[in-house]
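As a basis for the values below, the full set of heavy atoms in this structure was taken, side chains included, without hydrogen atoms, waters or symmetry mates.
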Amino acid sequence: MNNCYSNKIIKLKHKAILWVITVICLLLAACYLISNSKLNSSVLSLLPKEQTNHVPTELINGFQDRLDKQLVWLIKPTNPNNLEPVNWWYHHLQKLSIFNQINGHFDDQFQKNWGEFAYKYRYQLMDENTIERLKTHKHFAWIQSQIYSPFSGISATELNKDPLLLTRASQLKQLSNTGNLTIKNNWLTGQDKQGNVWYMIYAQLNGSSFDLNQSHQIVTALETLSEQLKTNYPGTEILKRGVLFYSDNASIEAKKDISTIGSLSIIGIIVLIIAVFRSITPILLSLLSILIGIVCGLVAVLMIFGEIHVMTLVMSTSVIGITIDYSLHYLTERLLHGNNESPYVSLKKLISTLTIALCTSFIAYLILLIAPFSGLKQLSIFAVFGLIGAFLTVTCWYPFLVKKIPVRQNVGHRFFTFWLKLWKNKNMQWITLSVAIVFISYGFNNLEIDDDISKLQALPADIQKEEQDIINITHQSSDQKWFIVFGDTAEQTLQRLESFLPKLEQAKQRGVFQQYQTITLPSIEKQQHNIALINKYTPEILSSLKQIGINVKVPDTEDSNSFITPEIWVKSEISQGQNLLWLSLPNGKSATLIPIGNVKQLSEINALSQINNGIYWLDRHTEFNNMFTNYRIHLSQLITGAVIVICICFIFYNRKYGLITALKSTLPTLLSIGVALSVHGIIHQPLNLFSMLALILVIGIGIDYSLFLGNYKCQTKSALLAVTMAALTTLLSFGLLIISHTNAIMCFGIVLTSGIFAAFIFAPLAIKNT
């Protein structure tokens with residue numbers, strides 16, 4: 001018998017040594033991965049990548065990445081003609097290496113290059129209005145209006161070089177597409193409702209807006225510049241807009257959440273352990289298992305995803321409350337029975353229950369993998385490997401580290417005796433159940449559902465106000481509502497765009513929407529067609545000009561056989577302000593965006609999609625809302641099925657104790673779910689997908705309490721002390737998620753806190769009367 005016991009101790013020592021080696025390797029891996037990975041704060045990166053499955057994903061990601069890098073400033077000097085503050089800001093931005101281009105200033109060289117390009121390709125760049133005038137023989141009348149207009153300033157040189165005034169027509173057309181923006185003093189400007197002139201400067205970042213190693217430094221540098229501008233030029237106002245500012249704010253709030261939630265959670269747990277154990281050793285052991293669990297989870301996430309999202313870090317602080325459960329169950333067993341049994345016997349008594357608890361939490365977190373959100377997938381991986389790390393630390397090392405833990409056999413004896421006696425009273429059970437049913441019924445009656453993703457994260461009011469002011473001045477909306485036209489080649493994309501634009505214009509005239517923006521890059525086929533039109537209608541126009549005494553040379557179109565390609569167009573000044581709307585991939589696939597503003601009739605604009613012809617209506621906000629709704633419904637069905645299976649298993653397992661006892665064993669699970677959901681209705685917090693995801697963990701964790709208290713092998717009071725401490729530590733972790741600045745995390749915390757609290761309160765119903 002002693003030999004058998006010694007052999008088992010030797011095997012346990014071997015496992016402990018093996019786990020030591022593994023942990024050392026994990027620590028080295030963590031150091032390497034942390035230095036070679038990034039922290040992501042993009043809200044959009046949490047969302048599924050496959051939603052626009054009709055459009056190549058790389059095109060959508062390419063456009064999104066490009067738009068995320070854009071920054072815009074509007075500057076209002078005290079004197080609208082005083083350009084010193086504008087020039088000061090522009091030149092100081094140029095000194096920063098973080099930008100690869102800065103625009104807004106149209107100097108003489110820019111205008112010269114623009115004019116030369118427009119003149120060189122004047123035939124190819126003919127707009128639809130000019131083409132229509134040519135076909136209807138009205139272009140000569142338009143030329144006359146320009147010649148005799150006192151404001152046009154047409155010279156004889158311009159008429160000789162470009163008798164059809166195609167360059168002028170192209171320029172006028174492009175200026176008409178700038179919305180509320182005009183050129184003043186060689187700068188792009190807009191006016192607010194009070195008539196104040198605002199000068200626009202926009203730039204593109206070299207790196208990502210979500211690179212947290214640099215984003216805060218960039219924002220800080222820009223804020224310092226802004227303060228210097230206001231100091232040097234008193235009365236000057238500046239507005240900013242860009243994803244960078246939201247990203248930086250999100251990272252700051254996330255860091256606050258991590259430090260606050262993590263610190264308060266650990267402090268609360270330490271106070272609790274000291275109060276119960278009256279020794280520092282359990283604290284050190286608990287922190288050891290938590291630390292190793294965090295290292296395991298972090299290494300797993302970084303190895304699989306190559307990065308970790310700030311939301312994952314914030315939510316992963318809640319895993320502390322579960323990883324410590326294994327420590328507390330073992331340490332509580334030693335606290336109460338350390339004088340009567342060896343550390344190995346204590347482990348043997350608990351190992352089956354600890355394993356079941358690990359499996360239930362394991363399954364609950366694995367279910368999160370079905371969610372299409374990378375943040376929750378990361379949380380799932382972090383938790384699964386973190387729990388395994390904590391579990392192995394307890395089972396492999398604790399039997400050798402608990403020798404100095406004091407023994408206190410009567411911890412909470414009076415309270416737990418009273419609590420158990422109270423729950424054995426059938427009248428008390430009926431009263432409690434009745435109150436719970438009334439509470440749940442009232443909450444369900446007031447429950448609301450809201451799948452709007454814009455409400456998942458509270459955005460800073462000051463940044464939002466500045467963005468709205470810029471939108472009001474420039475008339476350029478930030479709504480991500482676009483038509484995306486795509487094709488296997490650039491030429492196919494452009495031809496599809498040209499076929500689609502007349503239909504889009506008709507929809508605009510019908511009032512389906514108010515405005516749209518598109519690129520002015522014609523397809524090669526269109527350029528060839530334009531040159532053919534020039535050859536056809538030029539003789540007639542030149543003859544008309546001759547009749548009014550204007551003799552000009554016949555345009556030479558033989559030198560116009562060179563065509564504008566997307567590569568030439570993007571590099572030219574004429575694409576300024578439009579090149580963000582075009583994207584070509586190395587494999588030839590290309591796409592262009594058509595931003596749509598002020599949509600009035602959503603159903604009609606949806607009908608314009610022709611996915612087989614490479615035209616797709618992309619409303620990301622609505623699309624993600626619908627996706628949230630669908631996944632919430634599917635998840636609800638999955639949870640319902642899982643709860644039915646769990647209840648059947650409880651009933652089957654406890655059938656030998658009688659039907660009443662078997663049915664009672666299902667109540668803690670059912671009531672915890674009901675309370676968790678009804679709290680949303682009580683506090684008027686809408687239910688969303690994240691609430692349903694949290695419900696999975698309520699079920700997985702809450703079941704543990706019923707399992708421990710229902711395990712006849714463990715003394716009930718001992719199990720109740722362990723369950724109480726486990727519940728308190730879990731509540732200290734998950735409960736603090738409620739104070740998060742992110743609404744999605746707050747909803748997650750509300751469900752977990754209320755559900756786990758209910759699971760603990762009603763867990764004594766699982767105790768069997770033997």
Report yes if some heavy atom in the side chain of [X] is under 4.5 Å from a heavy atom in the side chain of [Y]; otherwise report no.
X: Trp73; Y: Val86; answer: no
X: Ile550; Y: Ile143; answer: no
X: Ile201; Y: Ile102; answer: yes
X: Asn625; Y: Thr629; answer: no
X: Leu225; Y: Leu229; answer: no
X: Ile218; Y: Leu96; answer: no
X: Phe245; Y: Leu222; answer: yes
X: Val219; Y: Ser247; answer: no

_Which residues pass the salt bridge (charged side-chain N to carboxylate O under 4.0 Å, His left out) test with Glu128, not counting sequence neighbours?_
Lys526
_Residues that Asp450 engages under salt bridge (charged side-chain N to carboxylate O under 4.0 Å, His left out), provided they are two or more places apart_ = Lys455
Look up atom [atom1] in [X] and atom [atom2] in [Y], then write down how far apart they are to the nearest 0.5 Å.
X: Trp198; Y: Lys184; atom1: CH2; atom2: NZ; answer: 14.0 Å
X: Thr520; Y: Ile574; atom1: OG1; atom2: CD1; answer: 6.0 Å
X: Lys69; Y: Leu205; atom1: NZ; atom2: CG; answer: 8.0 Å
X: Leu244; Y: Asn249; atom1: CG; atom2: CG; answer: 11.0 Å
X: His139; Y: Glu132; atom1: NE2; atom2: CD; answer: 12.5 Å
X: Ile596; Y: Ile605; atom1: CD1; atom2: CD1; answer: 5.0 Å

*Stepwise, does the side chain to side chain contact (heavy atoms under 4.5 Å, CB included) test hold for Met126 with Ile534?*
CA-CA 10 Å; Met126 274 201 305; Ile534 291 296; 3.7 Å; yes
*Trace of the side chain to side chain contact (heavy atoms under 4.5 Å, CB included) decision for Leu71 with Lys240*: CA-CA 7 Å; Leu71 299 179; Lys240 64 180 180 292; over 6 Å; no
*Which of these passes side chain to side chain contact (heavy atoms under 4.5 Å, CB included) with Thr189: Leu74, Ile473, Val197?*
Val197
_Single hit among Leu608, Leu593, Asp619, Leu618 for side chain to side chain contact (heavy atoms under 4.5 Å, CB included) with Phe483_ = Leu608
Any donor-acceptor N/O pair, [X] side chain to [Y] backbone, under 3.5 Å:
X: Glu466; Y: Leu239; result: no
X: Ser226; Y: Glu223; result: no
X: Ser543; Y: Pro539; result: no
X: Gln601; Y: Ala507; result: no
X: Glu498; Y: Ser523; result: yes
X: Glu604; Y: Phe513; result: no
X: Thr493; Y: Ser590; result: yes
X: Asp65; Y: Asn61; result: no
X: Asn232; Y: Gln228; result: yes
X: Asn626; Y: Thr622; result: yes

*Given Tyr199 and Asn185, is the side-chain hydrogen bond (donor to acceptor under 3.5 Å, both in side chains) satisfied, shown in steps?*
CA-CA 10 Å; Tyr199 291 85; Asn185 299 325; 3.2 Å; yes
*Relative to each other, are the rings of Phe106 and Phe110 parallel, tilted or perpendicular (30° and 60° limits)?*
tilted
*Stepwise side chain to side chain contact (heavy atoms under 4.5 Å, CB included) check, Trp88 with His92*: CA-CA 6 Å; Trp88 187 93; His92 276 76; 3.1 Å; yes
*What do you reckon, is NZ of Lys508 surrounded by more than 12 foreign heavy atoms closer than 6.0 Å?*
yes
_Suppose we call two aromatic rings close when their centres sit under 6.0 Å apart. Are Trp187 and Tyr90 close by that rule?_
yes
Non-hydrogen atoms of [X] and [Y] that approach each other most closely:
X: Arg496; Y: Asn613; result: CD-O, 2.9 Å
X: Leu165; Y: Gln146; result: CD1-CB, 3.8 Å
X: Pro77; Y: Thr236; result: CA-OG1, 4.2 Å
X: Arg66; Y: Asn579; result: NH1-O, 3.1 Å
X: Ser575; Y: Val570; result: OG-O, 3.1 Å
X: Ala169; Y: Thr130; result: CB-OG1, 3.6 Å

*Give a yes-or-no answer on whether the side chains of Tyr246 and Gln464 include a donor-acceptor pair shorter than 3.5 Å.*
no
*Apply salt bridge (charged side-chain N to carboxylate O under 4.0 Å, His left out) to the pair Lys112 and Asp108, showing each step before the final yes or no.*
CA-CA 6 Å; Lys112 179 183 177 182; Asp108 293 339; over 6 Å; no
*Derivation of the side chain to side chain contact (heavy atoms under 4.5 Å, CB included) call for Phe563 and Ile531*: CA-CA 11 Å; Phe563 300 106; Ile531 293 172; 4.0 Å; yes
